[in-house]
Amino acid sequence: MACRNVNVHNLSKLVRYFSQKTTEQETKVASRMGFLKGKPLYLDAQATTPLDPRVLDAMMPYMTHSYGNPHSRTHMYGWESEEAVETARQHISNLIGANPKEIIFTSGATESNNLAIKGIAHFYGAKKRHIITTQTEHKCVLDSCRALEGEGFEVTYLPVRSTGIISLDELESAIRPDTALVSIMAVNNEIGVKQPIKEIGKLCKSKKVFFHTDAAQAVGKITVDVNDQNIDLMSISGHKLYGPKGIGALFVRRKPRVRLEPLQSGGGQERGLRSGTVPTPIVVGFGEACRIAKEEMEYDHAWMTKLSNLLLEKISKNLPEVVRNGDDVHTYPGCLNLSFAFVEGESLLMALKDIALSSGSACTSASLEPSYVLRAIGADEDLAHSSIRFGFGRFTTVDEVEYTAEKCIKHVKRLREMSPLWEMHQEGIDIKSIKWSQH
Amino acid sequence: MAAPVTRAEVLKIYKTMLRESSKFSFYNYRMYAVRRVKDAFREQKAVSDTSEIQQHLLEAHRFLDIIKRQAIVGDLYKFDKLVIEVENNKKH
């Protein structure tokens with residue numbers, strides 16, 4: 001309950017609140033009390049998505065009576081779990097156009113990224129000592145590369161253009177004879193920009209360099225086909241596509257074979273690349289989530305486009321000086337990153353406390369530093385500080401988006417009215433040209 | 001060859017699915033289920049092939065079972081209402 005700071009007076013109200021019977025009475029009391037206005041709306045689908053009820057329904061039997069170890073070969077319990085795991089593997093490979101044997105279950109996209117990047121580097125490291133990635137990758141890719149730099153590998157961090165998209169010419173000229181891997185994400189988690197994966201894949205194939213893509217934000221949302229797009233390794237996450245948390249997968253191409261050095265030693269499960277008992281219930285949930293995603297992709301995508309356009313239209317009609325970060329066209333509509341000039345992002349987030357939003361990645365949301373992704377696309381420091389990411393999902397409603405737009409417009413106007421910089425801007429003073437002097 | 005599905009049969013499952021969908025206690029699941037059921041029936045309105053209709057009907061029954069079970073699961077735990085539900089109630 002959202003009631004940590006209640007005093008004694010409110011406590012008696014609280015007791016009465018809990019003793020109410022009907023929901024109607026409950027909500028009446030709650031709204032009268034002011035401090036219990038209900039749970040915030042969820043508009044942070046890039047951080048995680050709610051579990052689809054259909055997914056939970058598929059998982060339940062494996063969380064209760066079907067508890068066998070999928071690697072037990074001597075009894076019925078093991079067999080039924082193994083069958084469920086293999087069906088899930090089939091669903092995942094269907095979604096990305098792969099062979100089920102090419103799917104390795106991991107704990108999530110972070111582990112998949114680590115396994116792909118470090119695994120390739122360690123296996124081919126004797127001859128190939130160079131890796132290419134971009135400045136806007138997820139922290140776990142950048143950190144894996146940083147770790148490899150410590151081991152003596154060379155890493156090129158490609159810059160991106162102001163749209164957030166890399167330049168293929170720059171990528172081509174960065175590829176060297178000793179380049180082992182190119183790792184470029186499919187959809188950016190902060191600005192929703194789609195990289196030209198097919199073109200990158202083609203280029204890497206022609207240069208005989210392995211191509212890894214972090215597709216945690218892309219799989220299940222946009223069409224991904226590992227053969228059509230010439231992807232050699234791909235990271236997928238369960239909880240970004242309405243599946244359970246704690247499960248992900250790494251696609252590892254078999255023809256031509258891509259070899260990796262595993263991160264951990266053990267019983268040799270998952271073709272020896274990821275030892276450890278495969279967690280049947282969440283694997284089943286992940287598989288079901290992928291099956292549903294394939295069926296619903298078109299329907300969901302149309303819904304995201306509708307919600308995204310609705311929010312953008314409402315906000316841009318009512319508020320001047322709003323900048324959309326990233327590309328307008330090559331983008332996933334479920335992620336909308338806006339900068340409200342002259343408004344501090346953190347203040348706006350505080351004002352919009354009944355909406356669960358983020359100024360960027362969940363991993364770095366604890367720091368007040370502006371996002372490195374926004375800096376990489378060349379956003380001004382002040383605009384980078386004023387960004388908010390709106391993330392829509394399958395379960396987001398039109399009412400929620402309208403509510404968010406209204407609140408957002410109201411609070412941006414209020415915060416701007418308090419800002420002397422906004423006032424100066426209104427008077428036509430160019431803030432950037434001011435020489436601030438100390439007296 | 002199975003017997004052709006009557007219009008009444010389709011309407012019945014449609015109404016049952018909508019009724020059961022509205023029982024999800026979690027706002028977002030409820031709204032999605034209702035929207036998805038309505039759109040699915042609208043999409044399949046033009047289907048005229050008997051065996052295809054049979055197939056869709058089977059699917060609908062399978063979904064109905066999921067909706068019923070999951071609405072119960074959602075009801076087992078108590079959650080706060082979303083701010084949007086509280087405010088909407090106030091207006092009425």
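Below, chains carry the letters A, B, ... as their sequence lines are ordered, and counting in each starts from 1. Everything quoted here is computed from the prediction, not taken from an experiment. In what follows, every heavy atom counts, from backbone to side chain, and hydrogens, waters and symmetry copies are set aside.
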Between [X] and [Y], what is the shortest heavy-atom contact and its length?
| X | Y | value |
| --- | --- | --- |
| A:D57 | B:R69 | OD2-NH2, 2.6 Å |
| A:M60 | B:V73 | CE-CG2, 4.2 Å |
| B:R35 | A:R394 | NH2-O, 2.9 Å |
| B:V83 | A:Y403 | CG2-OH, 3.4 Å |

Chain B contact via A:Y42 - which portion, at a heavy-atom distance below 4.5 Å: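 Neither part.
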With a 4.5 angstrom heavy-atom cut-off, is it the side chain or the backbone of A:P53 that approaches chain B, or both, or neither?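 Both the backbone and the side chain of A:P53 come within 4.5 Å of chain B.
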Could you check whether atom [atom1] of [X] has more than 12 heavy atoms from other residues, nucleotides or ligands sitting under 6.0 Å from it?
| X | atom1 | answer |
| --- | --- | --- |
| B:R7 | CZ | no |
| A:E86 | CD | yes |
| B:Q55 | CD | no |
| A:Y67 | OH | no |

Any side-chain donor near an acceptor of the partner, B:Y32 and A:T397, under 3.5 Å: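 Their side chains do not contain a donor-acceptor pair, so the 3.5 Å distance test is not met.
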Max heavy-atom pair count under 4.5 Å with chain B, selected residue of A:D52, A:T396, A:L56: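 Result: the option with the highest number of such pairs is A:L56.
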Could you go through the side chain to side chain contact (heavy atoms under 4.5 Å, CB included) check for A:E400 and B:L82 one step at a time? CA-CA 10 Å; A:E400 285 180 304; B:L82 287 187; 3.9 Å; yes
Measure the [atom1]-[atom2] distance between [X] and [Y] for me, rounded to the nearest 0.5 Å.
| X | Y | atom1 | atom2 | answer |
| --- | --- | --- | --- | --- |
| A:L41 | B:I84 | CG | CD1 | 5.0 Å |
| A:F395 | B:Y27 | CZ | OH | 13.0 Å |
| B:Q70 | A:L51 | CD | CG | 8.5 Å |

Would you call A:E296-B:R36 a salt bridge at under 4.0 Å N-O?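 Result for this pair is yes, salt bridge flagged.
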